[in-house]
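Here's the structure, in structure tokens; my notes come after.
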Protein chains: 2
Amino acid sequence: MNAAESTILDRGFGGTTVNAVIEQADVSKGAFFHHFSSKAELGRQLVQRYADKDTQHLEQTLVKAEGLSDDPLQQLLIFVKLFEQEIESLEEPFPGCLFASYLQQSELFDDNILDIIRESMLLWRTRVLEKLKTIEKRYSHHNDVDLESLADMLMVIFEGSFVLSQSLNENKIIAQQLAHYHNYLKLLFEEKP
Amino acid sequence: MNAAESTILDRGFGGTTVNAVIEQADVSKGAFFHHFSSKAELGRQLVQRYADKDTQHLEQTLVKAEGLSDDPLQQLLIFVKLFEQEIESLEEPFPGCLFASYLQQSELFDDNILDIIRESMLLWRTRVLEKLKTIEKRYSHHNDVDLESLADMLMVIFEGSFVLSQSLNENKIIAQQLAHYHNYLKLLFEEKP
DNA sequence: ATTTACAAACCAACCAGTCGGTATGTTATA
DNA sequence: TATAACATACCGACTGGTTGGTTTGTAAAT
């Protein structure tokens, strides 16, 4: 299943054959179809697992950030910074996002699968938006920005920087872009001296 | 070729069969292979055409923005705003970016093709970076941000918002995110009253 | 003794690509 | 102007190989 995931991240779901997966995983075809009723079912279980890990990662990082400060703005800034550091500490190039991979071939998947992805992405929106609303209450900032799209911007920067880092082979791009999001939040909400 | 492009944007290159393309385009298999020596050659010609249009679009919009103001910061802000308006004026959902589609299946393409994409993306970096450097000279801003990654951020926001808008079926996301980039640039460089 | 976990051989459908042939020009020659 | 010579655009049946998926056999675990 890990083998399948990395192959699909390299070649896309449609460009990945079952034969390629079982060769990579070093199992027989019989074993494959014993575990998965079809290739589509593999695709479903793969996103499901990926989405679960993604959600878990989101929640854990949020809890961690909340433990490091009482101030909601600082919590959010730390939250972003934690991802920044995490990405920075990778030495292999980032493997890519399965969600984006699936979405680039959305006609190959049925709506249930696309719903799993949508739910995962909406959870990011929700969690960040909650923080932003708390911040808005506490800080009287004069800029009136749309908070929902500002929350979405985190995922936008993730997905966008994955694409660029893939093309330019520059892993650092991801952390740099997260730093810009971090900076943008500071400029929007932080009290000026 | 238009038919091929839209099919590939929906299903990815690996998930698109030649039969699907010729059916969509309503041509015979003979005609297809008369014009393209192979499926891979179609892929090559398709990105080449897409990259040419992309570059042209970039340069034209830049010229247009430069014609609307003498101030480099205003030029860049107008530049972003022009894309924002362009996206807003679309009524059909945005079809997606062929570059991102290819990059999600990078193992399916040879290096020449990936180079075409890289060159296109680097041109965006170059053009925006030029403007940012001019702005930096003219405006004495105290924030010291990395200009190269700030230039990259435009493409990051494009690609990232394409992904999100594809998943959430919300076309407005793209314009909203461009507005945030616009706002970020203003906060970074614009003189405070 | 039955179920689970796998392996190997196998299958029909489909794939990218080929091939012999046709229709429609275009140019050269007379 | 008529015709021969050639070029380009195109067709769709066909092919060898690959695809996702099945069937049958078997060895271990319960």
Inset, instruction - Find the distance A:Asp26:CG to C:dA8:P and express it as a whole number of Å. - result: 10 Å
Legend entry - Whole angstrom value for the distance that separates C1' of C:dC14 from NZ of A:Lys39: 13 Å
Inset, instruction - Go through C:dG17, C:dC15, C:dC6 for me and flag the one nearest to the A:His34 side chain. - result: C:dC6
Inset, instruction - Please list, in 5' to 3' order, the outermost nucleotides of DNA chain D lying under 4.0 Å from any heavy atom of chain A. - result: D:dT19 to D:dT22
Inset, instruction - Write down the distance between CG (B:Leu42) and P (C:dA16), rounded to a whole number of angstrom. - result: 11 Å
Inset, instruction - Any salt bridge (charged side-chain N to carboxylate O under 4.0 Å, His left out) involving residues 157-177 of chain A? Give me the pairs, sequence neighbours left out, ordered by first then second residue. - result: A:Glu170-B:Arg125
Inset, instruction - Calculate the interatomic distance between B:Ile22 atom CD1 and C:dC15 atom C1'; express it in whole Å. - result: 11 Å
Legend entry - A:Phe36 CZ to C:dA5 C1', straight-line distance once rounded to whole Å: 14 Å
Inset, instruction - Answer yes or no on whether B:Lys39 is positioned over the face of B:Phe13, meaning its NZ or CZ is under 6.0 Å from the six-membered ring centre and within 45° of the axis. - result: yes
Legend entry - Interatomic distance, B:Phe32 CZ vs C:dC19 P [rounded to whole Å]: 17 Å
Legend entry - Polar contact flag, side-chain donor to acceptor under 3.5 angstrom, A:Gln48-A:Asp52: yes
Inset, instruction - Find the distance A:Glu23:CD to C:dA8:P and express it as a whole number of Å. - result: 14 Å
Inset, instruction - Return the set of residues passing side chain to side chain donor-acceptor pair (under 3.5 Å) with B:Glu86 (not counting sequence neighbours), or none when no residue passes. - result: B:His57
Inset, instruction - Could you tell me the separation between the NE2 atom of A:His35 and the C1' atom of C:dT4, rounded to a whole number of Å? - result: 10 Å
Legend entry - Interatomic spacing from CG in A:Leu154 to OH in A:Tyr184 - rounded to 0.5 Å: 13.5 Å
Legend entry - Check: A:Val163 and B:Met155 side chains under 4.5 Å, non-hydrogen atoms: no
Legend entry - A:Ser37 vs B:Lys29, nearer the 5' end of DNA chain D by closest nucleotide: B:Lys29
